[in-house]
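Step one of this worksheet: look at the structure below.
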Amino acid sequence: MRVAVWEVANRLGVVAGTPTELFSVLLAGPRRTVRLPLPPDHALVRALRPLGHLDLVLDEPPQLPGAPRAGSVDLGDPAAVCAADPVRVTRAYEADPDPRGGLRPAWLRAGQSLLRDQDPADRALVLLAALDEGADPRTAAALARGAAGSPWTLARSSRRPCTALTAAPDGRPVVREDRVLAVACLPDGTQAALDERGRLRLPGGRAGRLADAVAATLASHPATALAAAGDSVLTGDRMGTVHAFSLTGLEQAALHSDRVTALAATVTATASAAATATASGAAPSPAPAPLTVYSGGTDGTVRAWRPGRPPGRSALVRRPCPVVALHAAGPYLAVAWADGLAELRRPDTGATALFRPGPRIRAVAATADGTLVVGLDDTVLHLARRACRPRR
């Protein structure tokens, strides 16, 4: 059943570790058609049929030998389990409750990612990120060696809840553990949050004219996403429109066909260069828009927009599942998707590095040096970039 749930979730572009989680995700979404390599009498097929949210097309799976004995793969050897057939490893761990130095609980936690076709080095990184704090240090060391060929190193991991991420003005990641939709640091360092009703929450209730104006607007027109950069505060709404608030006025752009789910913003390098030229006495070029805004939506697109200019027609990224979270820093854009994928992108070059932790991703953040911070329900991961490689 566990393998079947992961396989169905991967095919549907969602994250689910149990039948209950899968049913919840399916009931919250639209009707879909899915082709499953399962026989008609499989327990998961029988459970899914009454939901009415799936048109099931069933294929008889190839005949596989029965679940292997625990000794057919050395379940305590990180290199062996990372190189073995993941379905067989999963079945073997289900049949053998020995934690194997922390490998078993890590595998069963991150299994939806591990089930995908990938290099052993990428599996080693996923397992390393999923290890409990009480795992055998030798297991962690072996996985770190095995992950040497992945595009990331696990800089650190902390077991703590995470609902939203952003970065302080000094670049330090800011983790929120309370029930908020998004968090953003205003130009003066004030930490503003978007609560579950779409209202702006400010420390002490007030944080200057701009923040107060945004809060007053959201009191009657709730937002679905929030970001801040430079002298602007950005919000998104359920109709797909992004709003850029500043002390000089309000600009808006209809960027998505449905709800805006995530926003990020950064001051562009060209604007900084123009300011430097002016300060040095050089003749400045025509002032560009100082802000680049990135927005993501349930329509599965990430778009870039510069307030003061018409939005472009082409999406920066398009995938067949909703965007969960965005964050921009320096040349980097971090993107999280509803199917459990995190990306660190360079919009200027198109280079991308990918990571799938297994559990659902709640938030992401990037740092100017290319570190990707990934927030899960109970863990925050810091991944240092070895190199960006073209997406496969």
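When reading the values below, keep in mind they use all heavy atoms of this one structure, side chains included, and skip hydrogens, waters and symmetry mates. Residues take their numbers from the sequence shown, with the count starting at 1.
- Of all the heavy atoms in Leu333 and Ala264, the pair that sits closest is CD1-CB, 4.3 Å.
- Shortest non-hydrogen contact noted between Ala262 and Val323 is CB-CG1, 4.2 Å.
- The shortest side-chain heavy-atom distance between Leu202 and Asp212 falls under the 4.5 Å cut-off.
- Annotation for Arg238: atom CZ does not count as buried by contact number, only 12 or fewer foreign heavy atoms lying within 6.0 Å.
- In the hydrophobic cluster analysis, where Ile, Leu, Val, Met, Phe, Trp and Tyr join through side-chain heavy atoms closer than 4.5 angstrom, Val324 is grouped apart from Leu234.
- Arg385 places none of its side-chain heavy atoms less than 4.5 Å from the side chain of Pro151.
- With sequence neighbours left out, Arg356 forms a salt bridge (charged side-chain N to carboxylate O under 4.0 Å, His left out) with Asp339.
- Every residue two or more places apart in sequence or in another chain that forms a side chain to side chain contact (heavy atoms under 4.5 Å, CB included) with Ala16 is listed here: Val5, Ala9, Glu21, Leu22.
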If you apply the rule side chain to side chain contact (heavy atoms under 4.5 Å, CB included), what do you find for Leu26 with Leu12, and how did you get there? CA-CA 9 Å; Leu26 295 179; Leu12 292 175; 3.3 Å; yes
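- Under the 3.5 Å distance criterion, with hydrogens and angles disregarded, a donor-acceptor pair is assigned to the side chains of His243 and Asp237.
- How far CG of Asn10 is from CG of Asp117: 11.5 Å, rounded to the nearest 0.5 Å.
- Judged by distance alone, the side chain of Asp170 and the main-chain N or O of Arg172 form a donor-acceptor pair under 3.5 Å.
- Side chain of Thr352 to main chain of Gly350: a donor-acceptor pair is present (N/O by atom type, distance under 3.5 Å, no hydrogens or angles).
- By the neighbour-count criterion of 12 heavy atoms within 6.0 Å, atom CZ of Arg159 is densely surrounded, having more than that number from other residues, nucleotides or ligands.
- The side-chain heavy atoms of Arg303 and Arg318, taken from C-beta on, include a pair separated by under 4.5 Å.
- Under the 3.5 Å distance criterion, with hydrogens and angles disregarded, no donor-acceptor pair is assigned to the side chains of Thr20 and Thr18.
- The main-chain N or O of Leu376 is never found under 3.5 Å from a side-chain atom of Thr379 such that the two would form a donor-acceptor pair.
- Between Ser113 and Gln118, the closest side-chain pair of non-hydrogen atoms falls below 4.5 Å.
- A pairwise comparison of heavy atoms in Ala124 and Ala147 identifies CB-N, 3.7 Å as the closest pair.
- Heavy-atom minimum distance, Ala368 versus Pro331: O-CD, 4.1 Å.
- Annotation: salt bridge (Lys or Arg N to Asp or Glu O under 4.0 Å) contacts involving residues 6-16, sequence neighbours excluded, comprise Glu7-Arg11.
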Could you go through the side chain to side chain contact (heavy atoms under 4.5 Å, CB included) check for Trp337 and Val317 one step at a time? CA-CA 11 Å; Trp337 301 87; Val317 193; 3.7 Å; yes
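- Connection of Val8 to Val15 is not established within any shared hydrophobic cluster, with ILVMFWY side chains joined at heavy-atom distances below 4.5 Å, either directly or through further cluster members.
- Leu341 places a side-chain heavy atom less than 4.5 Å from the side chain of Arg319.
- Leu226 pairs in a side chain to side chain contact (heavy atoms under 4.5 Å, CB included) with only one of the listed residues (Val180, Val233, Thr166, Leu218), which is Val233.
- At least one donor-acceptor pair under 3.5 Å links the side chain of Thr224 to the backbone N or O of Val260.
- In this structure a side-chain-to-backbone donor-acceptor pair under 3.5 Å is present from Thr349 to Ala351.
- Taking CG of Leu44 as the start and CZ of Arg2 as the end, the distance is 13.5 Å to the nearest 0.5 Å.
- Among all heavy-atom pairs drawn from Leu131 and Ala106, the shortest one is CD2-CB, 3.9 Å.
- By the 6.0 Å and 45° rule, Arg345 does not stack over the aromatic ring of Tyr332.
- Distance alone, capped at 3.5 Å, places no donor-acceptor pair between the Asp132 side chain and the Gly134 backbone.
- Atoms OH and OG1, from Tyr294 and Thr266 in turn, are 7.0 Å apart once rounded to the nearest 0.5 Å.
- A side-chain donor-acceptor contact under 3.5 Å links Arg46 to the backbone of Asp41.
- A salt bridge (Lys or Arg N to Asp or Glu O under 4.0 Å) check over residues 359-372, counting only residues at least two apart or in different chains, returns the pairs Arg360-Asp377, Arg362-Asp377.
- Not one N or O on the side chain of Glu251 forms a donor-acceptor pair closer than 3.5 Å with the backbone of Ser246.
- The cluster map of Ile, Leu, Val, Met, Phe, Trp and Tyr, joined by side-chain heavy atoms under 4.5 Å apart, puts Leu103 and Leu108 in the same cluster.
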Checking Phe355 against Val126 for the side chain to side chain contact (heavy atoms under 4.5 Å, CB included) test, could you report, in this order, the C-alpha distance in whole Å, the side-chain angles of both residues, the deciding distance, and whether it holds? CA-CA 8 Å; Phe355 179 65; Val126 171; 4.1 Å; yes
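- Here the OG-CG distance, from Ser157 to Leu383, works out to 9.0 Å after rounding to the nearest 0.5 Å.
- To the nearest 0.5 angstrom, Leu372 atom CG is 10.0 Å from Leu354 atom CG.
- Proximity of Val89 to Leu114: side-chain heavy atoms (C-beta onward) are nowhere separated by under 4.5 Å.
- In the hydrophobic clustering (ILVMFWY side chains linked at under 4.5 Å, chained through shared members), Val175 is joined by Leu165, Val373, Val380.
- With sequence neighbours excluded, the residues that form a salt bridge (charged side-chain N to carboxylate O under 4.0 Å, His left out) with Arg109 are Asp378.
- Taking CD from Gln252 and CH2 from Trp305, the interatomic distance works out to 8.0 Å, rounded to the nearest 0.5 Å.
- When all heavy atoms of Ala47 and Pro50 are compared, the closest pair comes out as O-CD, 3.3 Å.
- No more than 12 heavy atoms of other residues, nucleotides or ligands shown are found within 6.0 angstrom of CE on Met239.
- Side chain of Asp299 to backbone of Ser257: a donor-acceptor contact under 3.5 angstrom is found.
- You'll find the side chain of Leu194 stays beyond 4.5 Å of the side chain of Val183, heavy atoms only.
- In terms of modelled atom types and a separation under 3.5 Å, the side chain of Arg123 and the main chain of Arg116 share a donor-acceptor contact.
- Proximity of Arg88 to Ser72: side-chain heavy atoms (C-beta onward) are nowhere separated by under 4.5 Å.
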Pair Leu143-Thr139, side chain to side chain contact (heavy atoms under 4.5 Å, CB included): steps then yes or no: CA-CA 6 Å; Leu143 288 172; Thr139 300; 4.1 Å; yes
